**Q** 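First the structure, then my questions, so here it is.
Computed from a predicted model, the values in this text were never measured in an experiment. All residue numbers refer to positions in the sequence shown, counting from 1.
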Amino acid sequence: MRLLHALPVLLGLGLPAMADPARIVAMEASESGGLWRFDVTVAHADTGWEDYADGWRVELADGTILETRVLAHPHVDEQPFTRSLFDVAIPDGTDTVHIRASTNVTGWAEETTIHALD
């Protein structure tokens, strides 16, 4: 019976756990009229629909999600790539935000990239 539990790993079906996460390699933020714009550059070894960076989000230090930028398709031939998110409301007194990337295989990354708001 124990062999049955290990069978997916032996057959290579456990591969998604070995996939690489998307990385935030650059970002800029600007404020206008009380709302923020984020330009975030993501790098990931997109291979097509089977494994691609599918989003990034702006969070507070406590993990509260402020906004999410969905990436609707692979960027195989455009690496790294930059996408923007507009009209993000940031709570008063917030000095930094965290940017977290996601892929359709690994989900949301454990690590975030911290960005100071100027």
Side-chain angles (χ1 to χ4, degrees):
M1 190 62 112
R2 290 180 191 205
L3 181 57
L4 291 178
H5 292 290
L7 193 55
V9 173
L10 294 173
L11 293 175
L13 299 177
L15 289 179
M18 292 183 268
D20 64 317
R23 295 177 298 113
I24 305 300
V25 296
M27 71 182 116
E28 293 182 22
S30 57
E31 186 265 337
S32 178
L35 297 175
W36 288 80
R37 171 189 169 139
F38 291 86
D39 299 304
V40 174
T41 302
V42 177
H44 180 259
D46 287 11
T47 59
W49 293 103
E50 63 279 355
D51 186 8
Y52 70 99
D54 65 353
W56 55 266
R57 63 189 183 197
V58 181
E59 302 177 0
L60 297 177
D62 67 3
T64 301
I65 301 166
L66 299 178
E67 292 288 342
T68 300
R69 176 61 156 96
V70 174
L71 303 170
H73 60 86
H75 295 86
V76 175
D77 297 322
E78 182 188 359
Q79 288 293 325
F81 61 94
T82 303
R83 295 296 179 270
S84 301
L85 184 59
F86 299 89
D87 299 333
V88 179
I90 305 291
D92 289 341
T94 302
D95 297 336
T96 60
V97 293
H98 294 244
I99 309 296
R100 186 183 310 269
S102 174
T103 75
N104 67 324
V105 173
T106 62
W108 292 103
E110 290 184 30
E111 294 185 23
T112 63
T113 300
I114 301 170
H115 185 76
L117 300 174
D118 300 326

**Q** Tell me whether L66 shares a hydrophobic cluster with I24, the cluster being built from Ile, Leu, Val, Met, Phe, Trp, Tyr side chains joined at under 4.5 Å.
**A** yes

**Q** Counting only N and O atoms by type, is there a donor-acceptor contact under 3.5 Å from the side chain of D46 to the main-chain atoms of G48?
**A**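 Absent.
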
**Q** State, with a plain yes or no, whether a side-chain heavy atom of E59 is found less than 4.5 Å away from one of V97.
**A** no

**Q** Flag yes if V58 and W108 sit in one hydrophobic cluster, no otherwise; membership is Ile, Leu, Val, Met, Phe, Trp, Tyr, and two members link when side-chain heavy atoms are under 4.5 Å apart.
**A**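 No; tracing contacts between hydrophobic side chains, which count when under 4.5 Å, never links both residues.
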
**Q** Shortest non-hydrogen contact from A53 to V42?
**A** CB-CG1, 4.0 Å

**Q** Hey, is CG on D92 packed in by over 12 heavy atoms from elsewhere, all under 6.0 Å?
**A** no

**Q** Let me know which of T96, D95, T94 forms a side chain to side chain contact (heavy atoms under 4.5 Å, CB included) with L117.
**A**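 The side chain to side chain contact (heavy atoms under 4.5 Å, CB included) with L117 is passed solely by T94 among T96, D95, T94.
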
**Q** Indicate if W56 and V25 have the same hydrophobic cluster label, given that clusters are the connected sets of ILVMFWY residues with side-chain heavy-atom separations under 4.5 angstrom.
**A**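 No, W56 and V25 fall in different hydrophobic clusters.
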
**Q** Please round to the nearest 0.5 Å and tell me the distance separating atom CE of M27 and atom CZ of F38.
**A** 9.0 Å

**Q** When you check the side-chain N and O atoms of D54 and S102, is any donor under 3.5 Å from an acceptor?
**A**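 There is such a pair (donor and acceptor under 3.5 Å, judged by atom type) between the side chains of D54 and S102.
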
**Q** To the nearest 0.5 Å, tell me how far H44 NE2 sits from R23 CZ.
**A** 9.5 Å

**Q** Taking atom CG of L35 and atom CD of E67, what is their separation to the nearest 0.5 Å?
**A**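 Between L35 CG and E67 CD, I get 9.5 Å after rounding to 0.5 Å.
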
**Q** Any heavy-atom pair between the side chains of P74 and W49 that's under 4.5 Å?
**A**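 Of all side-chain heavy-atom pairs linking P74 with W49, at least one is under 4.5 Å.
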
**Q** Which is it for F81 and L71 under the side-chain contact (heavy atoms from CB on, under 4.5 Å) test, yes or no, and what are the steps along the way?
**A** CA-CA 11 Å; F81 61 94; L71 303 170; 3.7 Å; yes

**Q** For the residue pair H73 and H75, categorise the inter-ring angle as parallel (less than 30°), tilted (30 to 60°) or perpendicular (more than 60°).
**A**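 Rings of H73 and H75: tilted, 30 to 60°.
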
**Q** Test your reading of the model: is there a side-chain donor-acceptor pair from H98 to the backbone of G63, 3.5 Å cut-off?
**A**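 Judged by distance alone, no pair lies under 3.5 Å.
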
**Q** For D39 and T82, run side chain to side chain donor-acceptor pair (under 3.5 Å): C-alpha distance rounded to whole Å, both residues' side-chain angles, the deciding distance at 0.1 Å, then the answer.
**A** CA-CA 6 Å; D39 299 304; T82 303; over 6 Å; no

**Q** Say whether, by atom type as modelled, one donor and one acceptor occur between the side chain of R69 and the main chain of S84 under 3.5 angstrom.
**A**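 Yes; at least one donor-acceptor contact below 3.5 Å.
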
**Q** Same cluster or not: V40 versus L85, using hydrophobic residues (I, L, V, M, F, W, Y) connected whenever any side-chain heavy atoms lie under 4.5 Å apart?
**A** yes

**Q** More than 12 heavy atoms of other residues, nucleotides or ligands under 6.0 Å from CD of Q79: is that the case?
**A** yes

**Q** For the OG atom of S32 and the CZ atom of F86, what is their distance to the nearest 0.5 Å?
**A**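 Reported to 0.5 Å precision, the distance equals 11.5 Å.
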
**Q** Is there a path of hydrophobic side-chain contacts, each under 4.5 Å between heavy atoms of I, L, V, M, F, W or Y residues, that connects V88 with L60?
**A** yes

**Q** Looking only at atom types and distance, does a side-chain atom of E31 sit under 3.5 Å from a main-chain N or O of G34, one as donor and one as acceptor?
**A** yes

**Q** Hey, what do you get for OG1 (T112) to CD (E110), rounding to the nearest 0.5 Å?
**A** 11.0 Å

**Q** Taking C-beta and beyond as the side chain, do T41 and P80 meet within less than 4.5 Å on heavy atoms?
**A**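 With C-beta onward as the side chain, the pair touches.
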
